[in-house]
There are 2 protein chains.
Amino acid sequence: MAAKRLFWSIVELIEASINSGNFPVGSRLPPERELAQRFNVSRPTIREAIIALEVRGRVEVKTSSGVYVLASQQSANLLKNINAFEVTQARALVEGEVAALAAASINEQELEDLNQTLIDMEKGKDMEAADRAFHKIIANATRNEAMKSLVESLWNLRASSKEIIEDYDSVCSKDSAKTIAEHRAIYNALKSADADKSRTAMHEHFHRLINTLFDAEETRALEKIKRESSEKRDMYSIKRQA
Amino acid sequence: MAAKRLFWSIVELIEASINSGNFPVGSRLPPERELAQRFNVSRPTIREAIIALEVRGRVEVKTSSGVYVLASQQSANLLKNINAFEVTQARALVEGEVAALAAASINEQELEDLNQTLIDMEKGKDMEAADRAFHKIIANATRNEAMKSLVESLWNLRASSKEIIEDYDSVCSKDSAKTIAEHRAIYNALKSADADKSRTAMHEHFHRLINTLFDAEETRALEKIKRESSEKRDMYSIKRQA
DNA sequence: TGCTTTGTTTTGGTAATACCAAATTTTTTG
DNA sequence: CAAAAAATTTGGTATTACCAAAACAAAGCA
């Protein structure tokens with residue numbers, strides 16, 4: 001049943017061409033008839049693909065003139081240039097308050113669910129899933145839909161940039177023991193219904209995360225310098241390459 | 001040039017039918033051929049409209065089966081049932097931290113801009129615009145794009161529900177003097193670069209807002225009771241209506 | 001009677017084609 | 001050289017046809 005319809009694959013092809021710079025932003029796509037020939041499909045199929053791209057905001061159709069590539073929303077995100085530090089700082093502050101709120105209203109079941117995520121982490125199950133569940137349960141416990149939506153949008157922000165994902169992954173996978181310990185501290189603070197302690201525990205969790213991010217960046221920067229200087233060395237070396 | 005293409009108007013028609021409950025969530029749309037007849041357009045045009053709706057996430061196309069109406073993201077927002085209290089509490093906590101952050105990094109120009117919004121408010125200019133500008137300047141001063149995006153999304157949340165808008169309006173218009181005074185307190189705290197004082201000032205601002213919201217709700221509830229009891233009185237009255 | 005199989009119908013998917021209108025480009029003309 | 005007119009290009013819409021998968025109904029079998 002789920003045989004992908006033809007136009008979707010055309011959408012992907014065109015989108016790939018746009019992303020690869022084959023069809024630069026601002027440029028005009030080839031005419032529908034030509035695209036139809038090039039992809040070996042009929043013109044209606046091309047039209048459907050273009051409409052999908054248009055609804056997605058990737059292109060703009062000017063009647064009788066052509067189809068033009070728009071600046072993608074991704075570039076809008078890149079322009080914003082949100083980095084992992086900013087996201088983490090924001091998460092620290094917001095989720096700190098979330099924890100403080102949740103301490104007053106979290107119930108037995110939710111504490112049990114939190115505990116389960118800790119067990120899952122210790123067993124080495126999908127860390128990211130357990131991490132996400134942990135923070136989501138606490139957000140739920142605030143009984144504040146607005147706060148929940150904020151936590152979710154921060155999580156999405158985290159997933160919006162490749163750079164941020166890489167940074168987080170390198171941090172999470174490196175020190176899962178510390179992550180688990182900090183999660184447990186937060187869990188205990190919530191269990192004791194202490195708002196300040198919960199906030200502090202959450203802050204400490206993210207504080208460590210930020211520091212690890214700094215370390216990771218420093219390492220990357222050092223490696224870059226090494227690589228560059230090594231390249232330079234090669235460049236100016238009088239020895240011939242193999 | 002900008003003559004709307006035919007399929008867009010079909011999209012609107014179908015979307016209106018969905019929103020009006022004419023095509024309930026989960027139901028199947030009439031077949032393409034029938035829609036084409038009904039709207040007096042060709043089948044390709046109907047197909048284009050359906051594709052647009054599909055990309056927008058309003059419908060799901062099952063090959064050889066039909067086009068099914070999906071639960072809209074709007075209904076998701078309504079299901080969440082975010083009320084004015086939740087939004088205000090979230091704003092208090094988030095913007096409290098925003099103010100604390102901003103206290104460390106706000107500059108002269110931004111302080112001057114803040115002052116201008118106060119002057120605008122005192123002059124009785126567009127209160128909402130000045131209010132928005134005030135909070136936006138502070139968010140900007142955090143130098144944290146993630147925080148800025150959170151503040152913005154909270155503001156949008158505020159605008160997402162009619163109920164919330166009404167609640168806020170009734171509050172803001174009632175006591176503009178207090179609002180201005182509180183804004184000035186926040187301004188002074190930021191000017192002195194005192195993070196804790198800034199956070200507290202922001203909290204107090206929203207604290208008053210929440211209380212006023214409670215009062216407004218109480219008044220509304222009282223009026224409702226009065227109205228109902230008055231209706232009851234009428235109902236059981238032995239006096240005849242005029 | 002109840003289940004399975006088979007065949008028809010319905011429905012969306014794709015293609016080919018024709019014609020239109022607006023925008024663009026080229027050519028013509030003053 | 002510039003303005004006007006014609007031709008071309010390009011997307012917009014309609015018509016038609018045929019295909020494949022799904023849904024449905026009917027017939028056959030256990």
Side-chain angles (χ1 to χ4, degrees), chain A residues 1-19 22-72, chain B residues 1-18 21-72:
Chain A
M1 165 197 89
K4 198 165 52 181
R5 278 166 294 168
L6 192 49
F7 83 87
W8 280 118
S9 50
I10 304 295
V11 167
E12 285 173 13
L13 285 173
I14 297 180
E15 208 157 25
S17 291
I18 293 176
N19 290 334
N22 215 330
F23 299 147
V25 170
S27 74
R28 208 191 64 182
L29 257 52
E32 294 182 351
R33 292 166 176 81
E34 197 182 320
L35 288 172
Q37 278 192 10
R38 189 185 303 192
F39 295 128
N40 257 313
V41 297
S42 71
R43 206 181 135 207
T45 302
I46 294 291
R47 284 185 59 73
E48 293 175 344
I50 289 177
I51 285 168
L53 288 167
E54 185 184 14
V55 175
R56 280 194 186 175
R58 299 294 314 250
V59 301
E60 179 188 8
V61 177
K62 287 190 178 174
T63 298
S64 307
S65 169
V67 181
Y68 297 84
V69 179
L70 293 176
S72 71
Chain B
M1 165 195 83
K4 196 164 53 180
R5 279 165 296 166
L6 193 48
F7 84 86
W8 281 120
S9 51
I10 303 296
V11 167
E12 284 174 13
L13 286 174
I14 296 180
E15 209 158 26
S17 291
I18 293 176
N22 216 330
F23 298 148
V25 170
S27 73
R28 210 191 63 185
L29 256 54
E32 294 181 351
R33 293 165 174 83
E34 194 183 321
L35 287 172
Q37 280 193 8
R38 192 187 298 191
F39 294 129
N40 257 313
V41 297
S42 72
R43 206 181 136 205
T45 302
I46 293 291
R47 284 185 59 73
E48 293 174 345
I50 289 176
I51 286 169
L53 288 169
E54 187 185 12
V55 175
R56 281 193 185 176
R58 298 295 313 249
V59 300
E60 179 188 8
V61 177
K62 288 190 177 173
T63 298
S64 307
S65 167
V67 181
Y68 297 85
V69 179
L70 293 177
S72 71

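Heavy-atom basis, side chains included; hydrogens, waters and symmetry copies ignored. Chain letters run A, B, ... following the sequence lines, proteins first and then strands; every chain starts at 1.
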In whole angstroms, the gap separating P of D/dT13 from CD1 of B/Ile51 amounts to 14 Å
For the CZ atom of B/Arg5 and the CD1 atom of A/Ile51, what is their distance to the nearest 0.5 Å?
6.5 Å
Presence of salt bridge, B/Arg56 and B/Glu15, under 4.0 angstrom:
yes
Rounded at 0.5 Å granularity, tell me how far CZ in B/Arg47 sits from CD1 in B/Ile10.
14.5 Å
Heavy-atom protein contacts under 4.0 Å, nucleotides 10-18 of chain C, coded B base, S sugar-phosphate only, - none:
-BBBBBB-B
CD1 of B/Ile10 versus C1' of D/dA14: gap in Å, rounded?
13 Å
Rounded to whole Å, CD1 of A/Ile46 lies from C1' of D/dT10 at a distance of 14 Å
Any heavy-atom pair between the side chains of B/Phe23 and B/Pro30 that's under 4.5 Å?
yes
To the nearest 0.5 Å, what is the distance between CD1 (B/Ile46) and CG (B/Leu35)?
5.0 Å
